[in-house]
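The sequence lines fix the lettering, A, B, ..., with proteins before strands; numbering per chain opens at 1. The figures here come from the full heavy-atom set of this structure, side chains too, leaving out hydrogens, waters and symmetry mates. Everything numeric in this text was worked out from a predicted model, so none of it was measured.
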There are 2 protein chains.
Amino acid sequence: MIIPLVLTSEIPIYQQIHDRVVEGIASGTLPVGASLPSIRALAADSGINFHTVNKAYDLLRQEGLLHLTRKHGAVIARDHTSGPPHQDFVADWDTRARTLLAEARAHGLSHGDILDRCQALLTAFGVDGPPSAPASGSLA
Amino acid sequence: MIIPLVLTSEIPIYQQIHDRVVEGIASGTLPVGASLPSIRALAADSGINFHTVNKAYDLLRQEGLLHLTRKHGAVIARDHTSGPPHQDFVADWDTRARTLLAEARAHGLSHGDILDRCQALLTAFGVDGPPSAPASGSLA
DNA sequence: GCTGTGATCTATGTTTACTAGAACAAGTAG
DNA sequence: CTACTTGTTCTAGTAAACATAGATCACAGC
């Protein structure tokens with residue numbers, strides 16, 4: 001699996017890496033225990049500076065989604081099977097969700113349409129059933 | 001109605017103004033036709049530079065949510081009663097929603113919980129029923 | 001004419017994003 | 001033990017973004 005990065009996008013590169021990893025976790029492609037490429041490897045493969053990758057990985061580490069060790073490199077620390085989120089996360093997520101949902105609403109989408117879109121997006125991540133197989137996935 | 005701005009927040013000030021206005025539109029507090037304070041008035045009231053307010057209002061204007069005229073000042077251009085969104089908006093919104101939903105998922109919220117939260121947030125905006133009364137709301 | 005409005009131009013300072021190099025420490029393989 | 005890879009940290013520089021500031025113009029209403 002390769003991280004698609006759009007270097008000309010207005011979204012900062014470190015944010016793109018972060019977002020793609022989070023989406024990989026949500027979709028089950030990157031289950032807990034899966035390895036990501038090392039900071040230097042991803043930087044070399046993507047043609048970007050390893051400090052930029054480090055920022056993305058460090059952000060994921062701070063959020064509790066990634067373990068970074070010299071022994072194992074970058075390893076997914078948690079996924080949806082790993083238990084409920086911290087309260088801090090929930091409150092922050094609600095705030096951001098409120099704004100995003102407000103945008104949909106202001107632009108004319110109905111409650112039903114918005115919920116349908118969210119449902120479809122969640123469904124696209126995979127069924128909300130048993131935990132994914134703990135096979136080791138990788139981004140390289 | 002006063003825009004709550006947190007000047008020490010990591011969220012840029014212009015983004016906060018934008019987001020609060022969008023939320024006002026979504027909740028019906030700012031229906032189509034409602035007036036916002038002038039750029040200079042909001043800047044003076046908030047203790048910020050009017051260029052910063054101008055950036056927020058211009059962003060809203062570009063998104064089709066605000067009309068800016070010398071005659072009427074800043075007036076809400078649309079709300080949920082004004083018809084469906086542009087396709088461009090929907091595609092962009094989906095992309096952002098996918099990332100936000102992925103975050104909830106990666107941190108351990110179930111499909112059901114996520115949808116429940118979205119539903120609750122949407123409900124808090126007000127019922128998805130008849131258009132709000134077209135009384136002129138104001139942020140001043 | 002005066003006042004208030006949005007719009008536009010130039011300029012400055014601070015913060016953020018991204019890049020770069022160097023170095024250190026920990027861990028692994030040969 | 002050596003060489004290599006790994007994450008981590010420090011310093012430094014450039015470009016872009018954010019916020020500020022002043023000035024000016026055109027338009028509208030009184």
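- A straight line from CG of D58(B) to P of dA19(D) spans 15 Å, rounded to a whole angstrom.
- Atom CD of E10(A) is separated from atom C1' of dA15(D) by 17 Å (rounded to the nearest Å).
- Between dT5(D) and S38(A), no contact under 4.0 Å exists linking OP1 or OP2 to a side-chain N or O.
- Interface remark: the R70(B) side chain does not form any donor-acceptor pair with the dA7(C) base, using a distance-only criterion of under 3.5 Å.
- No cation-pi contact links R105(A) to F125(B), judged by a cut-off of 6.0 Å to the six-membered ring centre and 45° from its axis.
- Side-chain N or O atoms of S46(A) include none that pairs as donor or acceptor with a backbone N or O of I48(A) at under 3.5 Å.
- Between the CG atom of L42(A) and the P atom of dG7(D) there is a distance of 10 Å, rounded to whole Å.
- For R61(A) and D58(A), the salt-bridge test passes: some basic side-chain N is under 4.0 Å from an acidic carboxylate O.
- Residue R61(A) contributes atom CZ, which lies 18 Å from atom P of dT6(D) at whole-angstrom precision.
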Q | Q119(B)/H111(A) under side-chain hydrogen bond (donor to acceptor under 3.5 Å, both in side chains): CA gap, chis, key distance, verdict | A | CA-CA 8 Å; Q119(B) 169 88 301; H111(A) 280 197; 5.2 Å; no
Q. Where along nucleotides 12-19 of chain C does protein come under 4.0 Å, by heavy atom, of base (B) or sugar-phosphate alone (S), with - for untouched nucleotides?
A. -----SSB
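- Here the shortest heavy-atom pairing between I76(A) and P31(A) reads CB-O, 3.4 Å.
- The base of dG6(C) sits within donor-acceptor range of the side chain of R40(B), with an N or O pair under 3.5 Å.
- Regarding L68(A), its CG atom lies at a distance of 10 Å from the C1' atom of dT8(D), rounded to whole Å.
- For the OP1/OP2 pair of dG7(D) and a distance below 4.0 Å, the side-chain nitrogens and oxygens of T69(A) include no atom meeting the criterion.
- If you measure from atom CD1 of I39(B) to atom P of dT20(D), you get 14 Å, rounded to the nearest angstrom.
- K71(B) places its NZ atom 11 Å from the C1' atom of dC27(D), with the value rounded to the nearest Å.
- Electrostatic pairing of R96(B) and D92(B) counts as a salt bridge here, judged by a charged N lying under 4.0 Å from a carboxylate O.
- Computed from coordinates, the L5(B) CG to dT20(D) P distance equals 10 Å when rounded to whole Å.
- Going from atom CG of L65(B) over to atom CG of L59(B) covers 9.0 Å, rounded to the nearest 0.5 Å.
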